[in-house]
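Just follow the structure's listing: the first ligand is 1, and inside any ligand the first atom is 1. Atom set for the values below is all heavy atoms of this structure, side chains included, hydrogens, waters and symmetry mates excluded. Given the structure is predicted, the values throughout are model-derived calculations rather than measurements.
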Amino acid sequence: MCGIIGYTGSDAAVPVLLDGLKHLEYRGYDSAGIAIQTDAGLTMIKTSGKVDNLAAKAAVTEGLEGVCGIGHTRWATHGTPNDINAHPHMSADGRFAIVHNGIIENYLELKKDLEKKGIVFASETDTEVIVQLLAYYYDGDVRRSLMRTIRRLEGSYAIAVLCAEDPGTVYAARMSSPLIVGLGSGENFFASDITALIQHTKDVIDLEDGETAEIRVSGVRIFDRYGAETKREPRHILWDIAAAEKGGYPHFMLKEIMEQPQALQATLEPRIKNGRIHLDEVELDMAKFNRILITACGSAYHAGCVGRLVIESLCRIPVEVEVASEFRYRNAVIDEKTLVIVISQSGETADTIAALKEGKEKGASTLAICNVVGSSIAKLADQVIYTWAGPEIAVATTKGYVTQLIVLDLFAVWAAEKLGRLDEKTYGKLVKEIRALPSKAQRALDLSSGVGRLAKSYHEKSSLFFIGRNLDYAVAMEGSLKLKEISYLHSEAYAAGELKHGTIALIEPGRLVVALCCCERLYEKTASNIEQVKARGADVLAVAPESNRKIYGEADHVLQVPDTADLFEPVIEIIPLQLLAYYVALENGCDIDKPKNLAKSVTVE
Ligand code: F6R
């Protein structure tokens, strides 16, 4: 939810921290701050707003010279996003500064205790209790005091700490929030994720829950929850800085939309050999399961809605799909005959992690579909299938979502074959269809060149409907979410056949209805729903396969996509809708990569 960074080396810390924070800004962007070890002790600047505001403030602030510091970009949970609540927070005695990502659930109780001891708090945040407690426990040994402090914390945290009396050292601790150590040459780092460090180092160590660590110029030390030093081999990151930059596009979102053919290909390539699907990373006896439960949040949940229909159709196993925030508190009836599939781009979504734990506790086998190697979800699940989408920076997911879909498609065909539900001919045909998806995604992008023009006529619509049936409906949900989250237009996704049971009352002249018509077998049914809304004056924008000529007699505008087998059409059909959301948001002057009130990685409930 927030991004944190720590640096120690021989370069000026301020530019390193500001640059790292720029790359972490997708995680939260309502305020930002840095603290530096200087000759005069710890110096801190912070401000509401984005990292650019902080950079402007740093440029006119004197006394920030130093080679060791910490930084933070925030998505507020406790206290409004103002200058005071921005991180870092300093202990009342000025000895410690801290940045934190996560939530301290027992902060009120800890705060009351400390206030009784006469400690005066400056902010409304939960974070400040950590730094005040650390100062209270301080006995001359920072790490020992830090371990004592974190033992009192309930909740989640990734923290980085500076001590005025310990120049050149940054301390850190982690519990249920991501934190990596970056190993440089003559410099070392902490960060919430690799995008902040990739231009300095590709060698990282993922801290585990309960661990603390120290970085100095001379090296890195990691300690387990009992304080014993542990040794860990770093992992080497394969992608480079270009993947985390805009590469000439005005927004990350547009870049990531355009990268989808390559992301799909990268996800597919290692898994299809000689016309057969190989999920070498998965060891599952599919015959053991009598049902599958898919759980996730937001767009990943929408991917799950597609997955349900594809898996059920091919494997003939009952599949349920549920948002993780509901599933985790439902006390669902699941057992060792259930396969729980969690889907998460970031691998750090708090509700999805909780749902995964719930599934494990109840004895289910768990499989994660995840984009971030070493993330909490990837570590927790029994099995992981990675989506090789590369880093996704824009808050609104695009390539993350389509790669989740293609993994679900691969899994469905792989599992159906394992279960003996597919004859060779059908299996071969399905594999061929999946293999064609990356090039069809490219064709869908090529066919969508007119979306920008359409957005000009639609961007002022006040409320829209996305309708579709079956897989088209699952895609409608994602298309509607994309538009809402980045353009702030209200829209709703409806099962096309359900509209007439009430919501059709909202259809009036000029209302825009986006009708998804890629499920060939259901086209005639959706066409009659289009007629119903047209009869009430709606404008209809249809998304339909190139071969569908009839649609021109039904809809006002048509966005064409390449013809694709019904089961796999969501991968292609979403592409013009992502572009529609993008161009409408552009027309409306919205901050596309960082929509208001959102953050990329939702590590709170
Ligand atoms: C929407 C979006 C969110 C995420 C959701 C889950 O564009 O990005 O709805 O899909 O927050 O995130 P992950 O996949 O990281 O678990």
Side-chain angles (χ1 to χ4, degrees), residues 1 3 26-28 75 101 176-178 192-193 195 251-254 256-257 260 263 294-307 321-328 341-357 368-381 384-387 389-405 407-408 466 474-475 477-489 491 493 574-575 577-582 585 590-605:
M1 233 46 205
Y26 71 92
R27 300 178 67 88
W75 186 85
N101 171 31
S176 307
S177 275
S192 298
D193 83 39
T195 50
H251 297 98
F252 279 111
M253 183 177 178
L254 188 58
E256 288 162 8
I257 290 172
Q260 291 181 111
I294 305 178
T295 182
C297 301
S299 296
Y301 163 75
H302 296 156
C305 294
V306 172
V321 58
E322 190 169 11
V323 287
S325 53
E326 287 297 315
F327 169 74
R328 63 183 291 190
I341 302 180
V342 297
I343 308 172
S344 175
Q345 187 283 129
S346 65
E348 300 296 345
T349 302
D351 286 320
T352 312
I353 294 174
L356 173 57
K357 287 184 178 160
I369 297 173
C370 184
N371 194 40
V372 179
V373 177
S375 58
S376 303
I377 286 175
K379 283 189 203 148
L380 264 172
V384 188
I385 308 180
Y386 285 107
T387 50
E392 193 178 59
I393 311 293
V395 163
T397 183
T398 51
K399 61 177 182 169
Y401 168 80
V402 295
T403 51
Q404 288 162 356
L405 294 187
V407 164
L408 286 159
F466 285 72
V475 179
M477 290 193 263
E478 177 59 8
S480 170
L481 177 64
K482 283 284 91 76
L483 190 75
K484 274 186 268 226
E485 68 179 327
I486 63 163
S487 74
Y488 318 142
L489 289 192
S491 76
I574 191 60
I575 290 174
L577 300 182
Q578 295 167 338
L579 285 165
L580 181 69
Y582 174 82
C590 301
D591 192 346
I592 292 177
D593 285 337
K594 302 187 195 87
K596 69 180 177 200
N597 304 338
L598 297 182
K600 182 75 181 159
S601 176
V602 187
T603 55
V604 296
E605 258 195 66

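Side chains of K596 and D591 form no contact here, defined as non-hydrogen atoms less than 4.5 Å apart. Between K594 and M253 the shortest side-chain heavy-atom distance does not fall below 4.5 Å.
Close contacts of ligand 1 with A300, meaning ligand atoms under 4.0 Å from a residue heavy atom, involve 10 (O), 14 (O). Near S344, meaning under 4.0 Å from one of its heavy atoms, ligand 1 places the atoms 13 (P), 14 (O), 15 (O), 16 (O). Within ligand 1, the atoms closer than 4.0 Å to a non-hydrogen atom of V395 are 8 (O), numbered from 1 in the order shown. The distance from ligand 1 to the heavy atoms of K482 drops below 4.0 Å at these ligand atoms: 1 (C), 7 (O).
No donor-acceptor pair under 3.5 Å is formed between the side chain of S491 and the backbone N or O of K484. Remark: the backbone N or O of E348 is paired with a side-chain donor or acceptor of S346 at under 3.5 angstrom.
In terms of protein heavy atoms, atom 11 (O) of ligand 1 is closest to V602 CG2, 4.0 Å. For atom 14 (O) of ligand 1, the closest non-hydrogen atom on the protein side is Q345 N, 2.6 Å. Closest protein heavy atom to atom 13 (P) of ligand 1: T349 OG1, 3.2 Å. Looking from atom 7 (O) of ligand 1 to the surrounding protein, the closest heavy atom is E485 OE2, 2.4 Å. Looking at atom 6 (C) of ligand 1, its nearest protein heavy atom turns out to be C297 O, 3.3 Å.
In the candidate list G298, A296, S299, S299 is nearest to atom 2 (C) of ligand 1, counting heavy atoms.
If you look at H302 and Y401, their ring centroids are not closer than 6.0 Å.
The shell of residues lying under 4.0 angstrom from ligand 1, judged by heavy atoms, excludes L598. Not a single heavy atom of H302 sits under 4.0 Å from any atom of ligand 1.
Where the criterion is an N or O separation shorter than 3.5 Å, residue side chain and backbone included, S346 meets it with respect to ligand 1.
For L380, the side-chain contact (heavy atoms from CB on, under 4.5 Å) partners at least two apart in sequence or on another chain are I353, L356, K357.
Going from atom OH of Y386 over to atom OG of S375 covers 6.0 Å, rounded to the nearest 0.5 Å. Here the straight-line distance linking atom CG of D593 with atom CG of L598 works out to 12.0 Å at 0.5 Å rounding.
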Item to check | From CA spacing to verdict: side-chain contact (heavy atoms from CB on, under 4.5 Å), E478, L577 | outcome: CA-CA 9 Å; E478 177 59 8; L577 300 182; over 6 Å; no

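Residue E348 does not touch ligand 1, judged by heavy-atom distances below 4.0 Å.
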